[in-house]
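Okay, structure first, notes after.
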Amino acid sequence: MSETVQLSVRGLVKSFGAEPVLKGIDLDVHKGEVVVVLGPSGCGKSTLLRCMNGLEPVSGGSISLDGEPIDPASKTITALRQRIGMVFQSYDLFPHKTILDNITLAPIKVQKRPRAEAEQDAERLLRRVGLWEKRSAYPRELSGGQKQRVAIVRALCMNPEVMLFDEVTAALDPEMVREVLDVMLELAGQGMTMVIVTHEMQFARAIADRIIFLDQGVIVEESPPEKFFTDPATARAKDFLKTFSYEKRRATAQDPLEQNQTKEGILS
């Protein structure tokens with residue numbers, strides 16, 4: 001991982017109406033680093049990513065990529081967005097276009113690249129994720145995991161410098177989750193700068209260089225993954241991690257379920 005700061009967030013404030021969502025976020029993401037953002041629902045994780053990509057205007061503070069401000073009102077925002085790929089929970093593939101056409105549309109239309117060049121990149125990336133044989137299929141013919149891998153390829157085909165992932169496995173069946181996470185692990189291994197929002201705790205621990213724990217719009221804790229998962233520094237982080245662990249519940253004489261079983265003779 002390089003010491004070069006690639007994506008910088010300073011004093012970021014974001015409000016929707018009178019409701020503050022992000023309340024002064026400071027964060028540097030270094031070139032080649034994988035930062036995983038964790039936190040409870042509604043804490044501002046997705047909003048942070050959308051601000052990083054210029055999809056949401058900020059209410060205060062600043063975000064920059066290699067020192068260049070990311071501002072949705074700027075004349076350079078289209079070019080900057082091409083350097084920051086983003087994959088969402090929903091695949092957002094065009095249903096009437098083939099997989100190959102979905103992937104090559106933006107490189108051809110936005111970047112004005114020759115079709116042959118865009119298709120060559122698409123082939124390389126589809127082979128990499130094991131989906132080249134699906135190039136002529138339509139999204140409805142693919143599983144959820146396959147569609148999400150196509151969405152990742154579509155973002156990568158723009159040759160981004162940074163990738164943002166927003167809960168990309170949240171809508172998938174458990175058996176499909178691994179095939180998507182494996183692609184992201186491979187990207188991390190190849191040095192792609194990534195910011196990931198996820199609730200997959202084992203995956204977060206495996207892929208992250210750094211964990212950012214967000215709650216109520218502020219960074220509560222920031223640490224290496226092993227430190228965060230084995231010895232979190234804050235009570236809030238400890239409470240959050242407890243929600244992902246379970247112990248078998250033993251019935252007692254005071255347990256209402258057991259009392260019901262005793263009284264009724266059955267437990268349905």
So [Y] and [X], do their side chains get closer than 4.5 Å, heavy atoms only?
{"X": "Q190", "Y": "E186", "answer": "yes"}
{"X": "V195", "Y": "V37", "answer": "yes"}
{"X": "E179", "Y": "S143", "answer": "yes"}
{"X": "L131", "Y": "I99", "answer": "no"}
{"X": "M52", "Y": "V162", "answer": "no"}
{"X": "V197", "Y": "L48", "answer": "no"}
{"X": "R178", "Y": "F203", "answer": "no"}
{"X": "Q148", "Y": "V87", "answer": "yes"}

Determine the minimum heavy-atom distance between [X] and [Y], stating which atoms define it.
{"X": "A237", "Y": "E221", "value": "CB-OE1, 3.2 Å"}
{"X": "G85", "Y": "P160", "value": "N-CB, 3.5 Å"}
{"X": "V58", "Y": "G61", "value": "CG2-O, 3.9 Å"}
{"X": "C43", "Y": "L214", "value": "SG-O, 3.5 Å"}
{"X": "W132", "Y": "L100", "value": "CZ3-CD1, 4.4 Å"}
{"X": "Q6", "Y": "T193", "value": "OE1-OG1, 2.6 Å"}

To the nearest 0.5 Å, what is the distance between [atom1] ([X]) and [atom2] ([Y])?
{"X": "K238", "Y": "F213", "atom1": "NZ", "atom2": "CZ", "answer": "12.5 Å"}
{"X": "L187", "Y": "F165", "atom1": "CG", "atom2": "CZ", "answer": "5.5 Å"}
{"X": "I196", "Y": "D166", "atom1": "CD1", "atom2": "CG", "answer": "11.5 Å"}
{"X": "N53", "Y": "I84", "atom1": "CG", "atom2": "CD1", "answer": "5.5 Å"}
{"X": "L164", "Y": "F88", "atom1": "CG", "atom2": "CZ", "answer": "8.5 Å"}
{"X": "L126", "Y": "L156", "atom1": "CG", "atom2": "CG", "answer": "10.5 Å"}

Between [X] (side chain only) and [Y] (backbone N and O only), is there a donor and an acceptor less than 3.5 Å apart?
{"X": "E117", "Y": "P114", "value": "no"}
{"X": "K14", "Y": "P57", "value": "yes"}
{"X": "K227", "Y": "D231", "value": "yes"}
{"X": "E141", "Y": "Y138", "value": "yes"}
{"X": "K45", "Y": "P40", "value": "yes"}
{"X": "E33", "Y": "R210", "value": "no"}
{"X": "T169", "Y": "L172", "value": "no"}
{"X": "R81", "Y": "G54", "value": "yes"}
{"X": "E56", "Y": "T47", "value": "no"}
{"X": "K23", "Y": "Q216", "value": "yes"}

According to a 4.5 Å side-chain heavy-atom criterion applied to Ile, Leu, Val, Met, Phe, Trp and Tyr, with indirect links allowed, do [X] and [Y] form part of one hydrophobic cluster?
{"X": "V9", "Y": "V34", "value": "no"}
{"X": "F244", "Y": "L181", "value": "yes"}
{"X": "M192", "Y": "L80", "value": "no"}
{"X": "L65", "Y": "L55", "value": "yes"}
{"X": "F228", "Y": "L27", "value": "no"}

Should we say atom CD of Q202 is surrounded by more than 12 heavy atoms from elsewhere, each under 6.0 Å from it?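 Counting neighbours around CD of Q202, 12 or fewer heavy atoms of other residues, nucleotides or ligands fall under 6.0 Å, so no.
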Mark yes when over 12 heavy atoms from residues, nucleotides or ligands other than E175 sit less than 6.0 Å from its CD; otherwise mark no.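 No, the 6.0 Å shell around CD holds no more than 12 heavy atoms from other groups.
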Run the side chain to side chain contact (heavy atoms under 4.5 Å, CB included) check on D209 and H30 step by step: do they pass? CA-CA 10 Å; D209 294 307; H30 297 86; over 6 Å; no
Output yes when R236 and D239 qualify as a salt bridge under the 4.0 Å nitrogen-oxygen rule, no when they do not.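 Between D239 and R236 there is no salt bridge, as every charged N stays at least 4.0 Å from the carboxylate O atoms.
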Please determine if D92 and R154 form a salt bridge, counting it only when a charged side-chain N lies under 4.0 Å from a carboxylate O.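 Not counted as a salt bridge, because no side-chain N and carboxylate O are separated by less than 4.0 Å.
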The test is side chain to side chain contact (heavy atoms under 4.5 Å, CB included); show your working for I212 and V36 and say whether it passes. CA-CA 6 Å; I212 302 296; V36 174; over 6 Å; no
What do the steps show when you test I152 against R128 for side chain to side chain contact (heavy atoms under 4.5 Å, CB included), and what is the final call? CA-CA 11 Å; I152 293 173; R128 184 167 154 188; over 6 Å; no
Verify side chain to side chain contact (heavy atoms under 4.5 Å, CB included) between V150 and L93, making sure each step is shown before the conclusion. CA-CA 9 Å; V150 169; L93 300 176; 3.9 Å; yes
Let me know which of I63, D28, I70 forms a side chain to side chain contact (heavy atoms under 4.5 Å, CB included) with S8.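 Of the listed options, the one satisfying the test is D28.
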